[in-house]
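Here the structure is a predicted model, which means the values were calculated and not measured. In what follows, chains carry the letters A, B, and so on, assigned in the order in which the sequence lines appear, proteins first and then strands, with residues in each chain numbered from 1.
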Amino acid sequence: GQQVMQIPQYQHVQEGEDFTTYCNSSTTLSNIQWYKQRPGGHPVFLIQLVKSGEVKKQKRLTFQFGEAKKNSSLHITATQTTDVGTYFCAGTYNFNKFYFGSGTKLNVKP
Amino acid sequence: EPEVTQTPSHQVTQMGQEVILRCVPISNHLYFYWYRQILGQKVEFLVSFYNNEISEKSEIFDDQFSVERPDGSNFTLKIRSTKLEDSAMYFCASSEVGHTFGSGTRLTVV
């Protein structure tokens, strides 16, 4: 069935290092959203990507949507301890049902 | 900033009992969702609701589950005849662009 795969499952980095998480769908997505969930918290919306090849930046975060609208990535430059959490992508094919990736848990060592 | 409110924050119930989880979405949002997250796992879509009716539901959302918007503001998820495997965090979300999630209800079935 339709689903969104996300890798890696875990990433441990030293503060100041970069971090990237990747999501992939076997079929074309209508849009993809990214969320951050802190331990014990709820997912918080970061951004939505809609257009083929779209790139959006939020300070140290860069989000990309592939040309075929089947993959997406989130890159964090120079991680900080405040970046700790689990990052989820959520893709949709019809705007009614969202498929969340399994998440990448980021740990940042000071 | 507008919030999605969920009650109760914790619910412990005996196997076989019925539970009702409550949510107050953001008032001008049109799309409402229920998700569940088993501890340490990904966020799983249950159902979406638009224009006072279900717009999409997942394979998980079988006859054991139902949703209602009884009074135009509250949005409820009813789980009948609960099972041990229903233990999870249940999140309500409403959406204009990205999802705004509530803080969740932790359901424990014993």
Side-chain angles (χ1 to χ4, degrees), chain A residues 1-10 21-25 29-51 54 56 58 61 63 65 72 74 84-107, chain B residues 1-10 21 23-26 29-61 65 67 88-107:
Chain A
Q2 294 167 330
Q3 58 181 337
V4 174
M5 308 299 291
Q6 187 173 359
I7 57 168
Q9 190 176 0
Y10 300 98
T21 174
Y22 302 89
C23 282
N24 186 66
S25 167
L29 296 164
S30 299
N31 74 42
I32 194 159
Q33 299 175 355
W34 285 92
Y35 293 82
K36 177 182 178 181
Q37 186 176 28
R38 289 204 160 96
H42 57 275
V44 174
F45 173 69
L46 295 175
I47 211 153
Q48 175 173 277
L49 303 170
V50 178
K51 298 176 186 174
E54 191 168 15
K56 287 188 177 180
Q58 287 179 351
L61 278 60
F63 304 85
F65 203 9
S72 181
L74 158 59
V84 164
T86 301
Y87 292 84
F88 291 98
C89 61
T92 183
Y93 306 95
N94 64 4
F95 297 97
N96 289 321
K97 182 175 183 179
F98 285 80
Y99 296 85
F100 276 70
S102 52
T104 297
K105 189 171 182 179
L106 172 63
N107 187 38
Chain B
E1 188 163 328
E3 289 184 342
V4 174
T5 306
Q6 285 188 248
T7 54
S9 56
H10 292 87
L21 311 182
C23 170
V24 179
I26 294 174
H29 285 183
L30 300 178
Y31 293 87
F32 311 128
Y33 306 84
W34 282 101
Y35 291 87
R36 78 174 184 192
Q37 186 176 35
I38 295 168
L39 187 62
Q41 297 187 25
K42 70 178 179 182
V43 177
E44 295 179 288
F45 171 84
L46 292 177
V47 65
S48 57
F49 198 82
Y50 172 75
N51 203 25
N52 287 326
E53 59 183 30
I54 291 174
S55 52
E56 185 109 23
K57 54 185 181 179
S58 73
E59 314 74 45
I60 304 168
F61 195 89
F65 296 88
V67 290
M89 183 72 91
Y90 287 81
F91 289 109
C92 169
S94 67
S95 176
E96 194 171 35
V97 175
H99 289 22
T100 301
F101 282 84
S103 299
T105 295
R106 181 169 298 284
L107 176 66

Where on [X] is there a heavy atom nearer than 4.5 Å to chain B: the side chain, the backbone, both, or neither?
| X | answer |
| --- | --- |
| Phe98(A) | both |
| Asn31(A) | neither |
| Tyr99(A) | neither |
| Gln37(A) | side chain |

- Message: Holding to salt bridge (Lys or Arg N to Asp or Glu O under 4.0 Å), I want the full list of residues that pass it with Glu53(B), two or more places apart in sequence or in another chain.
- Response: none
- Message: The criterion is side chain to side chain contact (heavy atoms under 4.5 Å, CB included); which residues satisfy it with Asn24(A), sequence neighbours excluded?
- Response: Asn71(A)
- Item | With Tyr35(A), the ring-ring contact (aromatic ring centres under 6.0 Å, His included) member among Phe100(A), Phe88(A), Phe63(A), Tyr87(A) |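 Among Phe100(A), Phe88(A), Phe63(A), Tyr87(A), the one meeting ring-ring contact (aromatic ring centres under 6.0 Å, His included) with Tyr35(A) is Phe100(A).
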- Indicate whether any N or O donor in one side chain lies under 3.5 Å from an N or O acceptor in the other, for Trp34(A) and Ser72(A). yes
- For residues Gln6(A) and Thr21(A), is any side-chain donor paired with an opposing acceptor at under 3.5 Å? yes
- Query: Do the side chain of Thr105(B) and the main chain of Leu107(B) share a donor and acceptor less than 3.5 angstrom apart?
  - Reply: no
- Would you please go through residues 96-104 of chain B and name the residues with a non-hydrogen atom below 4.5 Å from one of chain A, in numerical order?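 Interface residues of residues 96-104 of chain B: Val97(B), Gly98(B), His99(B), Phe101(B), Gly102(B), Ser103(B).
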- Please test Phe65(A) against Lys51(A) for side chain to side chain contact (heavy atoms under 4.5 Å, CB included), starting from the C-alpha separation and ending with a verdict. CA-CA 7 Å; Phe65(A) 203 9; Lys51(A) 298 176 186 174; over 6 Å; no
- Item | Best-contacting candidate, Glu59(B), Gln37(B), Met89(B), against chain A by heavy atom pairs under 4.5 angstrom | Gln37(B)
Show me the donor-acceptor pairs, under 3.5 Å and distance only, between side chains in residues 39-50 of chain B and residues at least two apart or in other chains.
unit_1: Glu44(B); atom_1: OE1; unit_2: Arg36(B); atom_2: NE; d: 3.0
unit_1: Ser48(B); atom_1: OG; unit_2: Asn96(A); atom_2: O; d: 2.8
unit_1: Ser48(B); atom_1: OG; unit_2: Ser55(B); atom_2: OG; d: 2.7
unit_1: Ser48(B); atom_1: OG; unit_2: Glu56(B); atom_2: N; d: 3.2
unit_1: Ser48(B); atom_1: OG; unit_2: Glu56(B); atom_2: O; d: 3.4

